[in-house]
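To keep things clear, I will list the structure first and then write my remarks on it.
Quick note: numbers below take in every heavy atom, side chains included, and nothing from hydrogens, waters or symmetry partners. Note that the coordinates shown come from a computational prediction; the quantities given were computed from them, not determined experimentally.
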Amino acid sequence: MLTFNFHPFPNIETPRLLLRRVDKTDASQIMKLRGNPETMRYIPRPLVKTIEEALDHVAMIDAKIEANEGINWGITLKDDPKLIGIIGHYRIQPQNYRAEIGYMLLPEFHGKGIATEAIQATVAFGFEVMHLHSIEAVIDPGNSASEIVLQKNGFVKEAHILENEYYEGVFWDTVIYSLLKRNFVH
């Protein structure tokens, strides 16, 4: 079974991006991300409505990192430290050498290749540093933009599960995409 150590925190650089640790100074940007109905449209979770809720989200991210149970990075442009998105490995299954990747970007940064660049770096970290065998992404079937970016990164559709999640009086479908380490092209 795998074990992880996210200390010291591993920043990741790509040609345009710095993936860095999220901290309390990012609370207003977290509120913009998780409080925006457009960015949360396909995520069955409550909107973040206050700075206190955003700080709680930062604390939850920190707790997972401190316990080596999950890792999230703030997505920033190299020339601007302001957080524009979040990406990370969630629901890590060390016994199965598998993790779920999740990500979100502010709408004004969609369609610029930023998600693709961040996913490539995060997947590389998952396979090369964490020694994962497979990485999955769980998306809403209506989220075609996320589906396209996953396919660009070599993920393949594994399953479409009907009405398996209940949120605010509605049953949601989920689609699972995955990438095996042997199929990863970096």
- Message: Within the 4.5 Å heavy-atom criterion, are N36 and P107 side-chain neighbours or not?
- Response: yes
- Residue pairs, two or more places apart or on separate chains, that pass ring-ring contact (aromatic ring centres under 6.0 Å, His included) and touch residues 108-128: W73-F125, F127-F184
- To the nearest 0.5 Å, atom CD1 of I51 lies from atom OG of S28 at 5.5 Å
- Message: Could you tell me if the side chain of L19 sits less than 4.5 Å from the side chain of T122, heavy atoms only?
- Response: yes
- Message: By the salt bridge (Lys or Arg N to Asp or Glu O under 4.0 Å) test, which pairs, at least two apart or in different chains, include something from residues 75-95?
- Response: E13-K78, R91-E100
- Message: If we ignore hydrogens and angles and just use 3.5 Å, is the side chain of D23 paired with the main-chain N or O of T25 as donor and acceptor?
- Response: yes
- Task: Decide side-chain contact (heavy atoms from CB on, under 4.5 Å) for V170 and E168; before the verdict, give the C-alpha distance in whole Å, the side-chain angles of both, and the deciding distance to 0.1 Å.
- Result: CA-CA 6 Å; V170 177; E168 292 189 342; 5.8 Å; no
- Is it true that I12 and V123 fall in one hydrophobic cluster, defined by side-chain heavy atoms closer than 4.5 Å? yes
- When you check the gap from the basic side-chain N to the acidic O, do R20 and D26 get nearer than 4.0 Å? yes
- Query: Under the salt bridge (Lys or Arg N to Asp or Glu O under 4.0 Å) rule, what pairs show up with a residue in residues 103-114, not counting sequence neighbours?
  - Reply: none
- Query: salt bridge (Lys or Arg N to Asp or Glu O under 4.0 Å) with E136: which residues, sequence neighbours excluded?
  - Reply: R98
- Note on the structure: Rounded to the nearest 0.5 Å, the OG1 atom of T3 sits from the CG atom of N68 at a distance of 8.5 Å
- Task: For residues S178 and I135, determine if any side-chain heavy atom of one lies less than 4.5 Å from a side-chain heavy atom of the other.
- Result: no
- Message: Using every non-hydrogen atom in the two residues, find where G85 and L33 come nearest and quote the distance to one decimal.
- Response: CA-CD1, 3.7 Å
- M60-F6 co-clustered via ILVMFWY side chain contacts under 4.5 Å: yes
- Query: Salt bridge or not for R45 and E165, using N-O below 4.0 Å?
  - Reply: yes
- For the student: nearest non-hydrogen atoms of I92 and A99, plus distance: CG1-CB, 3.9 Å
- Quick one: do D140 and V175 satisfy side-chain contact (heavy atoms from CB on, under 4.5 Å)? Show the steps, please. CA-CA 6 Å; D140 183 286; V175 172; over 6 Å; no
- Note on the structure: The complete set of salt bridge (Lys or Arg N to Asp or Glu O under 4.0 Å) pairs with one or both residues in residues 115-131, sequence neighbours excluded, reads R16-E117
- If Ile, Leu, Val, Met, Phe, Trp and Tyr residues are connected whenever their side-chain heavy atoms lie under 4.5 Å apart, and connections chain through other members, are Y90 and M130 in the same group? yes
- Query: Given side chains that start at C-beta, do those of P46 and Y167 come closer than 4.5 Å, heavy atoms only?
  - Reply: yes
- Message: Can you give me the closest heavy-atom contact between V22 and D62, atom names plus distance?
- Response: O-OD1, 4.0 Å
- Item | Heavy-atom closest contact (M40 atom, R34 atom, distance) | CG-O, 3.4 Å
- How many angstroms lie between atom CD1 of I65 and atom CD1 of I71, to the nearest 0.5 angstrom? 5.5 Å
- Message: For the backbone of E52 and the side chain of H57, can you confirm whether one donor and one acceptor N or O come within less than 3.5 Å of each other?
- Response: no
- Task: Go through the steps for Y103 and I119 under the test side-chain contact (heavy atoms from CB on, under 4.5 Å), then give the verdict.
- Result: CA-CA 8 Å; Y103 47 86; I119 289 169; 3.7 Å; yes
- Task: Indicate, with yes or no, if L180 and Y97 share a hydrophobic cluster defined by side-chain heavy-atom contacts under 4.5 Å among Ile, Leu, Val, Met, Phe, Trp and Tyr.
- Result: no
- Message: Looking at N143, is its backbone amide N or carbonyl O close enough to the side chain of E147 to form a donor-acceptor pair, meaning the two atoms are under 3.5 Å apart?
- Response: no
- Message: Rounded to the nearest 0.5 Å, what separates atom CD1 in I101 from atom CD1 in I139?
- Response: 12.5 Å
- Query: Which pair of non-hydrogen atoms, one from L83 and one from L106, has the smallest distance, and what is that distance?
  - Reply: O-CD1, 4.1 Å
- Starting at CG of N96, measure out to CE of M1 and round the result to the nearest 0.5 Å. 10.0 Å
- Message: For I61, is there any backbone N or O sitting under 3.5 Å from a side-chain donor or acceptor partner on N72?
- Response: no
- Heavy atoms of other groups near K181 NZ, more than 12 under 6.0 Å: yes
- From L2 CG over to L132 CG, what is the distance, rounded to the nearest 0.5 angstrom? 6.5 Å
- Residues passing the salt bridge (Lys or Arg N to Asp or Glu O under 4.0 Å) test with E163, sequence neighbours excluded, are none
- Residues S146, Y177; criterion side chain to side chain donor-acceptor pair (under 3.5 Å); working and verdict: CA-CA 10 Å; S146 195; Y177 272 82; over 6 Å; no
- Mind checking whether I75 and F9 sit in one hydrophobic cluster, side chains of I, L, V, M, F, W, Y counted as touching below 4.5 Å? yes
- Note on the structure: Heavy atoms of A54 and A27 approach each other most closely as CB-O, 3.3 Å
- Message: I'd like to know whether I114 forms a side-chain contact (heavy atoms from CB on, under 4.5 Å) with L77, so could you lay out the CA-CA distance, the side-chain angles of the two residues, the decisive distance to 0.1 Å, and finally the verdict.
- Response: CA-CA 9 Å; I114 292 169; L77 299 172; 4.1 Å; yes
- Message: For a 4.5 angstrom cut-off between non-hydrogen side-chain atoms, does V58 reach I30?
- Response: yes
